[in-house]
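First up is the structure itself, then whatever we jot down about it.
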Number of protein chains: 2
Amino acid sequence: MTKTAQGAKKKGWRKAEIIAAAAECFMERGYHATKVDDVAARLGATKGRIYHHYSSKTDLFFDVHREGMARLFAAQAAVVCRGGARDRLIAMLQAHAEAMLTHHTYETVVAQGVQVHRFDQTTPEERETMADLIATRDEFEGLFKSALDAAIAAGEVTPREVSISVKMMLGALQWTLVWYRPRDGETEAERADLARRMVASVIAGV
Amino acid sequence: MTKTAQGAKKKGWRKAEIIAAAAECFMERGYHATKVDDVAARLGATKGRIYHHYSSKTDLFFDVHREGMARLFAAQAAVVCRGGARDRLIAMLQAHAEAMLTHHTYETVVAQGVQVHRFDQTTPEERETMADLIATRDEFEGLFKSALDAAIAAGEVTPREVSISVKMMLGALQWTLVWYRPRDGETEAERADLARRMVASVIAGV
DNA sequence: GTCTATACTTGGATAGAC
DNA sequence: GTCTATCCAAGTATAGAC
């Protein structure tokens, strides 16, 4: 590893600490109710530390949002499936459900998303960042539309409105942000099991 | 109508105006980002008017929340179904989907719900109010659990975990709060049609 | 019952010491 | 790179006129 890469990583580590603390605060109380002092306090520091790395609370929020989206994409990138197109879609749903439970803290912030800043006074740079975040979300939803399209094309799923169906499937899984709170000491296996039962319910219908 | 009932209705009308304006503001920007001045401005008034009827912004929020829940229950109360238990469940889902679209403004506030105040300094009275609101939500979810139970008992639906299934069904419909925005001039028929397509997707599964 | 004017608090952001 | 001290803007709530 080069000297500069080491430097970048070290700097990234400090930021990652701040991002993690901010994610917890934003998750618990929401963006607007969270004070920069709250984030600092969670780190056992003062806000001088935050403002050394971030020029504003908004900037910090954007980084938490990016991390949340990155984790969702990472979960999808890790999906492997030997079966057909329908099996692949199900595996993707399963991975997404697990990701929503595991990265609950970050995904709650993603859900607050751009909405939080839509009506605020924003600088041109902030507007550009917001456009990027929205594009990234659309891209993510696109992964599932493609997978459902493929399953329909393969004759493995009854044809139906793809756009609506994907919104319903993802909505069902993402609503966990409202009702699910991780228990202390919950294992990965328990989360995977809950995710399985959720996905089974979604694909079964009524 | 008695004199006192007339009086109560008149007073209620003034409050209803404020509640409607507050719902729009809370929907657009969220509770914390909404200033009492914003609500007043939307009424073409100043905040003196708000504080004459409500002792705090929190109190106003609770009234908006109550109105949102009342509309959800009203939609369910209006459900009539001649068919079996499964048909009845589907009719309930349809009514709920339409309600979520039609009363989008209020239901967005309901979704912000108690979460917004969970970590705030609250008075004993506020905590009592919050407990009431939570109980009301649980009661609402209970309507759907009972309906699904009945459909399973009647052999019209494949047995499955009722609690999880209801959370997935309602989650799929409620996630509309995140992606749906009513278009100007959208008709009730168009909303009903969208609701139908949503419910069809949910009950069909994958 | 609503307005204007204002008191008071909170909280984002900065400056300069260490 | 982080802390302490501080500035200043924003926003909740109140007092008193009309």
Side-chain angles (χ1 to χ4, degrees), chain A residues 3-4 6-22 24-26 28-64 109 112 116-117 119-123 125-126 129, chain B residues 4 6-22 24-26 28-64 112 116-117 119-123 125-126 129:
Chain A
K3 231 174 189 171
T4 50
Q6 275 182 345
K9 196 156 188 189
K10 248 184 189 155
K11 195 175 174 187
W13 157 246
R14 292 305 178 93
K15 280 190 143 187
E17 266 190 334
I18 296 173
I19 290 173
E24 288 175 14
C25 294
F26 292 155
E28 288 178 357
R29 317 202 21 157
Y31 173 79
H32 287 290
T34 297
K35 296 162 253 184
V36 177
D37 283 317
D38 293 337
V39 179
R42 190 161 297 228
L43 291 164
T46 69
K47 57 185 164 193
R49 178 155 161 201
I50 312 275
Y51 281 107
H52 179 71
H53 292 276
Y54 286 98
S55 65
S56 72
K57 186 178 155 186
T58 302
D59 257 27
L60 176 53
F61 178 87
F62 285 150
D63 251 16
V64 176
V109 179
Q112 293 174 59
V116 170
H117 295 98
F119 291 85
D120 286 3
Q121 313 302 347
T122 50
T123 67
E125 277 158 10
E126 285 174 348
T129 301
Chain B
T4 48
Q6 275 181 344
K9 195 156 190 189
K10 248 185 191 157
K11 194 175 175 185
W13 157 246
R14 292 308 178 91
K15 280 190 143 189
E17 267 191 333
I18 296 172
I19 291 172
E24 290 175 12
C25 293
F26 292 156
E28 289 178 356
R29 318 205 14 157
Y31 172 79
H32 288 289
T34 298
K35 298 162 252 183
V36 177
D37 282 317
D38 294 335
V39 180
R42 191 162 294 230
L43 291 164
T46 69
K47 57 187 163 195
R49 179 154 158 202
I50 312 276
Y51 281 108
H52 178 71
H53 293 276
Y54 286 98
S55 66
S56 71
K57 185 177 152 185
T58 302
D59 257 27
L60 176 52
F61 178 87
F62 285 150
D63 251 16
V64 176
Q112 291 173 61
V116 169
H117 295 96
F119 291 84
D120 287 2
Q121 313 301 349
T122 50
T123 67
E125 277 159 9
E126 284 173 347
T129 300

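Naming convention: chains lettered A, B, ... in sequence-line order (proteins, then strands); numbering from 1 in each chain.
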message: Expressed as a whole number of angstroms, how long is the span from B/D59:CG to D/dT12:C1'?
response: 14 Å
- request: Would you sketch DNA chain C in dot-bracket for me? Only Watson-Crick or G-U wobble pairs with both distances under 3.5 Å count, crossing pairs as [ ], other-strand pairs as |, the rest as dots.
  value: ||||||||||||||||||
message: In the structure I gave you, are the side-chain heavy atoms of B/H32 and A/Y31 within less than 4.5 Å of one another anywhere?
response: no
message: Please tell me if B/T46 has a side-chain N or O lying less than 4.0 Å from either OP1 or OP2 of C/dT2.
response: no
query: Once you round it to whole Å, what is the distance between P of D/dG1 and CH2 of A/W13?
result: 15 Å
- prompt: Tell me, do B/H117 and B/E126 make a side-chain contact under 4.5 Å, heavy atoms counted?
  reply: no
query: When you check every protein heavy atom under 4.0 Å of nucleotides 11-18 of chain C, what one-letter string (B, S, -) results, 5' to 3'?
result: SBBB----
query: Any side-chain heavy atom of B/T122 sitting closer than 4.5 Å to one from B/T129?
result: no
- request: Mind calculating the distance between CD1 (A/I18) and C1' (D/dG1) to the nearest angstrom?
  value: 10 Å
- prompt: Expressed in angstrom and rounded to an integer, what is the separation of A/D120 atom CG from D/dA10 atom C1'?
  reply: 13 Å
query: Taking only side-chain nitrogens and oxygens of B/H52, does any of them come within less than 4.0 Å of OP1 or OP2 of C/dT2?
result: no
field: Heavy-atom donor-acceptor pair, B/K47 side chain to B/K35 backbone, under 3.5 Å
entry: no
query: How many Å lie between NE2 on B/H117 and C1' on D/dT12, as a whole number?
result: 13 Å
d(CD1, B/I50; P, D/dG11) in whole Å: 15 Å
